Amino acid sequence: MREAEAGDAPRFLDRLRAGETAAFEELVITYQHRVFGVAVRMLGNAAEAQEVAQEAFLRAHRALADFRGDAKLSTWLYAITSRLCLNRLAKGERRLRRQGEETLLRLAGGERPDVAVERGELEAALQRAIAELPEERRIVVVLRDLEGLSYEEIAEVLDLELGTVRSRLHRARADLKDKLERFLP
Amino acid sequence: MSCHDARESLSAFLDEALAPDERQRVAQHLEGCSECQRELARLEQTVALLHRLEPARAPVGFVDAVTAAARPRPWYRRVAAAVFLPFSVKLPAEATALVMVALLAVYVFERTPALRESARTQPEVREDPREKTVRAAPRGLTDRFARDPSSGERSPESKARPLEKEQDRREVPTTRERIQSETEIPKQEAPAPAAPRSDAAPPAAAPPAATAPTAPAAPAPGAAPPAAKDEGPLDKSQAENRQAPAPPSAEGTRPAPAAPASPRLAAKRAAPSADAVTGIAVRDRDAAERDLAELIARVGGRETGRRREQDATIVEAVVPQPRYAEFTQSLARLGAWRVEAERPDLPAQVHVILRLQ
């Protein structure tokens with residue numbers, strides 16, 4: 001599910017810290033979908049997610065010179081993105097509604113129409129179920145089950161205790177199980 | 001391990017995120033608890049559903065948008081951003097500045113009498129050299145005479161029209177007063193067009209602003225002209241006009257002071273101002289008037305006004321300041337004299353009022 005790491009090779013980090021435009025562009029190309037993915041799952045709106053994702057990269061660009069490399073680049077970017085999303089949700093800076101946005105997330109594929117309908121329905125139910133989760137649980141399940149981060153990485157990204165991550169993830173999954181009961185075999 | 005404790009750890013059990021001993025305990029509980037086994041299966045299926053979600057992809061053009069936004073702005077944009085403040089800062093600052101400028105303007109206006117005067121005065125008043133000397137006279141002196149009831153007789157008009165006393169006191173007439181005096185004087189002078197000099201024939205009928213200043217203090221406040229008393233309260237000024245004697249014959253001999261060019265000038269000349277007031281006790285007023293005229297001419301001065309009253313003759317004159325001392329000393333020849341008022345810093349042309357009695 002996750003794209004190949006661009007790598008935190010020292011040479012690449014040096015180029016980034018030196019402000020090399022090509023290196024930053026490479027960083028954006030590598031992490032754009034992950035950053036955008038977290039934003040759109042958290043905010044439920046593509047336009048808002050694009051705005052937040054762009055802001056996350058710009059903040060990273062401004063702070064790259066000070067990036068020490070203690071954490072992985074991906075973890076660092078997830079941390080910036082998560083914070084921006086949670087801040088925006090907390091401040092109520094929601095300009096657009098989420099309704100109807102789910103369809104934007106579906107990939108146009110060569111599926112049979114009935115499969116596509118079934119898939120669209122499941123995705124809509126999933127997106128709705130995720131959107132209905134409390135924000136602090138939602139971010140944990142997004143990072144774990146959609147982005148594939150380890151518990152330790154999630155704890156680092158969100159600056160939480162490992163036990164808190166475990167507990168929140170369990171409650172989030174239990175909520176989703178109840179909401180998605182009809183799709184379960 | 002209870003079912004509650006086991007279920008709290010099922011999610012981590014699925015992810016293999018438990019410590020080995022905890023994992024062992026959960027596994028042992030699951031072997032003997034079908035309910036918890038079912039719960040674990042439902043959780044696993046739920047996570048599988050989540051994994052079926054297609055990964056979100058950033059929209060086309062996202063990379064270009066981000067790199068363009070991250071590109072440093074051209075120098076002129078940065079300069080413009082530094083120079084021009086945003087509206088959130090600019091608007092309150094401008095509003096404050098506007099208020100400050102307005103307050104400053106009011107302050108400067110209030111503190112600058114010249115500005116106040118120019119705002120009040122009508123434009124274009126033709127100047128006469130004598131007017132300048134009259135205007136330059138100190139305010140305090142004439143004000144004192146105008147206001148001090150014990151200083152003696154005041155002008156007939158100011159007595160006859162007590163309601164206009166306040167107007168008499170003003171040194172500089174307002175625009176409205178000037179217009180008033182300019183429009184009234186011709187009417188008053190019309191009945192006596194043959195008068196040789198409007199200031200020689202006392203302009204008693206002129207508005208108070210024109211005559212009040214020429215009235216110096218008289219020792220006896222009650223010594224108003226009897227004719228005025230007889231006339232009663234109405235139109236005393238006209239009565240005085242009739243009582244006023246004709247200009248003395250000696251008038252022709254004195255240095256010819258410039259006659260007022262216009263009624264406006266007459267009104268202006270009469271503006272209350274004097275640099276000195278001197279009283280002279282004489283035995284023969286007619287002789288004293290002649291001697292005084294000669295004396296004024298000798299010191300290079302000029303007589304600017306004369307009015308004969310019942311018990312005194314009021315002579316106004318302008319004397320050059322360098323010869324003013326000589327002039328006052330020579331007054332002793334006329335009789336016992338006394339300087340009743342004199343401003344300390346005399347101007348180049350001293351405007352003196354002499355009362356012969």
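Convention: sequence-line order gives letters A, B, ...; per-chain numbering from 1. As the structure is a prediction and not an experimental result, all values here were calculated from the model.
- Counting heavy-atom pairs closer than 4.5 Å to chain B, the top-ranked of the candidates A:R62, A:E181, A:E55, A:E152 is A:E181.
- Note on A:R166 versus B:E8: no salt bridge recorded, every NZ/NE/NH1/NH2 to OD/OE distance being 4.0 Å or above.
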Between A:K179 and A:E132, does a salt bridge (Lys or Arg N to Asp or Glu O under 4.0 Å) hold up when you go through it step by step?
CA-CA 10 Å; A:K179 292 178 192 301; A:E132 287 172 359; 3.4 Å; yes

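- Judged purely by distance below 3.5 Å, without hydrogens or angles, the side chains of B:S11 and A:R173 pair a donor atom with an acceptor atom.
- Between A:Q127 and A:R41, the side chains place a donor N or O and an acceptor N or O closer than 3.5 Å (distance only, hydrogens not considered).
- One distance of note links CG of A:D145 with OG1 of B:T46; it measures 9.5 Å at 0.5 Å rounding.
- For chain B, the nearby part of A:V141 is the side chain; its heavy atoms alone come within less than 4.5 Å.
- Your options are A:L58, A:V28, A:L184, and the one with the most heavy-atom pairs under 4.5 Å with chain B is A:L184.
- At a 4.5 Å heavy-atom cutoff, the contact between A:L169 and chain B is made by backbone and side-chain atoms alike.
- Only the side chain of A:I130 comes within less than 4.5 Å of a heavy atom in chain B; its backbone stays farther off.
- Among the candidates A:A125, A:A174, A:A129, A:A53, the residue making the largest number of heavy-atom pairs closer than 4.5 Å to chain B is A:A53.
- Both the sub-6.0 Å distance and the 45° axial angle are satisfied by B:R23 relative to the ring of B:F13.
- Ranked by heavy-atom pairs shorter than 4.5 Å toward chain B, the options A:Q54, A:H170, A:Q50 are led by A:H170.
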